[in-house]
Amino acid sequence: MQTQMLDGGFTQPALQAATAFRSVMEAMARPGTIQTMVDAAPPAPLSPAAGAVLLTLCDTETPLYLAGGCDTPDIRTWIAFHTGAPLVGPSACQFALGSWADLMPLSAYPIGTSEYPDRSTTLIVEMPELTQAGATLTGPGIKETAALSLPETAAFQANGAQYPLGLDFIFTCADRLAALPRSTEVR
Amino acid sequence: MTDYNFAYLDEQTKRMIRRAILKGLAVPGYQVPFASREMPMPYGWGTGGVQVSAAVMTTDDQFKVIDQGADDTTNAVSIRSFFERTAGVATTTQTAEATVIQTRHRIPERDLTEGQILVYQVPIPEPLRFLEPRESETRKMHSLEEYGLMHVKLYEDISRHGHIATSYAYPVKVEGRYVMDPSPIPKFDNPKLSDCPAIQLFGAGREQRIYALPPYTQVVSLDFEDHPFVASKADHPCGLCGAEDSYLDEVIIDDAGGRMFVCSDTDYCTARQADGFKGKDAA
């Protein structure tokens, strides 16, 4: 049991984190594109892609909120060992992790301040499926339009209306990942 | 190489820079503060660009460095060999082959593509800094979208010189929201900032700021209806390759007033010469 918690991280942290970050950056820079992530094997029900994002971006400096079904002793132990990220509530977190329903309400998360809009939460949303169909996306990073299977549209429209404040989203499903920054217009 | 972590920086530093890059991409043109590190080179030599390059680089990359368009100047050579040594990354001088291009004050002539990342070295990231020295005030001005002062500065140019005399680091507005300093690129390069297929990242080491332009972001150079923005260059063809569409450096060639104009982008010029194009000063 305990030794399993030591596994599932990057075997070559510097190189794998670099590759993983490039995928996350491409996803954030080109909303609607779906990237495949390098291997991470976090405990169930966490997806490998979400695990890789945590390993790439989280450490002792990034308060993390585990929502609902992601808040299990196994996941807490795994995150503590591999990232050391302090676990906090939604109002103080820099990253939040969970299913769309578990992460609600979005009003609980910091959206940044008008002078520091970067001080907002990035939500890592675990998705049952992730395809390039559904809501239409336009904005920076998108040549004409893109499509992504978002869990809903109203919440993202409300988030976009707060620009330049707002939340940024990373969607994960198995070993795949997409992102939606606040600058994207959702229809 | 084994004496250093991959790409010199420690992993915690890279994570911090990576988080700043993601927030920069989410709010195009907004300057994200980051905890810039001491680098083994002096401030002003591209420490911000080097840190951003180190954070995005993978072992699969082809890395190119240009300094005012040239691959063979001191700054470009030393940064290229720094990453050859600390990251073992493959390097190239050809724009088309490169996947990560670190640049000081130029955008390559050749159109960038979707697979590429352009990393700018930025000395003063705050476009309003010479108009308002207090960071607390410029931050407020950005938050309130209060950019009148910048237009006054451009207007004063017109009243003094008859035209907008700002020729480099020409201010731009990103997606109708943030006024951004495009780093000291010549204003000839400004149109290339907009609708660019590549990801553009800006790193200012001494000033501890990172900002970004995702691909296909709309970037508009500030101007007036009766004094529209003009992307100017020296009115000559390149002396070596004859190109009429590239940005030119003026080179003094003797002590009798002789001079020639050559492409600032050495890769562009060399490739054209290899294709048989010849300017009037070519040997």
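Everything quoted here is computed from the prediction, not taken from an experiment. Labels below follow one simple rule: chain letters A, B, ... track the order of the sequence lines, proteins then strands, and each chain is numbered from 1.
- Atom CG of Asp111(B) has 12 or fewer heavy atoms from other residues, nucleotides or ligands within 6.0 Å.
- Rounding to the nearest 0.5 Å gives a distance of 8.5 Å between CG of Leu22(B) and CG of Asp168(A).
- For residues 206-218 of chain B, the interface with chain A (any heavy-atom pair closer than 4.5 Å) comprises Pro214(B), Pro215(B), Tyr216(B), Thr217(B), sorted by residue number.
- Expressed to the nearest 0.5 Å, how far OG of Ser183(A) lies from CG of Leu25(B) amounts to 9.0 Å.
- Using a 4.0 Å cut-off between a side-chain N of Lys or Arg and a carboxylate O of Asp or Glu, Lys14(B) and Asp59(A) do not qualify as a salt bridge.
- In terms of heavy-atom pairs under 4.5 angstrom with chain A, the leader among Val32(B), Val27(B), Thr59(B) is Val27(B).
- Between Arg19(B) and Glu61(A) there is a salt bridge, since at least one side-chain N of the basic residue sits less than 4.0 Å from a carboxylate O of the acidic one.
- Heavy-atom proximity under 4.5 angstrom to chain B picks out nothing from residues 34-51 of chain A.
- For the atom pair Thr62(A) OG1 and Met16(B) CE, the distance stands at 13.0 Å (nearest 0.5 Å).
- With hydrogens and angles ignored, the 3.5 Å screen pairs no side-chain donor or acceptor of Lys23(B) with any backbone N or O of Pro117(A).
- Listed by chain and number, the residues in a side-chain hydrogen bond (donor to acceptor under 3.5 Å, both in side chains) with Ser53(B) are Gln102(B) (sequence neighbours excluded).
- Residues of residues 133-142 of chain B placed with any heavy atom under 4.5 Å of a heavy atom in chain A are listed by number as Arg139(B), Lys140(B).
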Stepwise salt bridge (Lys or Arg N to Asp or Glu O under 4.0 Å) check, Asp60(B) with Arg22(A):
CA-CA 11 Å; Asp60(B) 300 331; Arg22(A) 276 289 274 278; over 6 Å; no
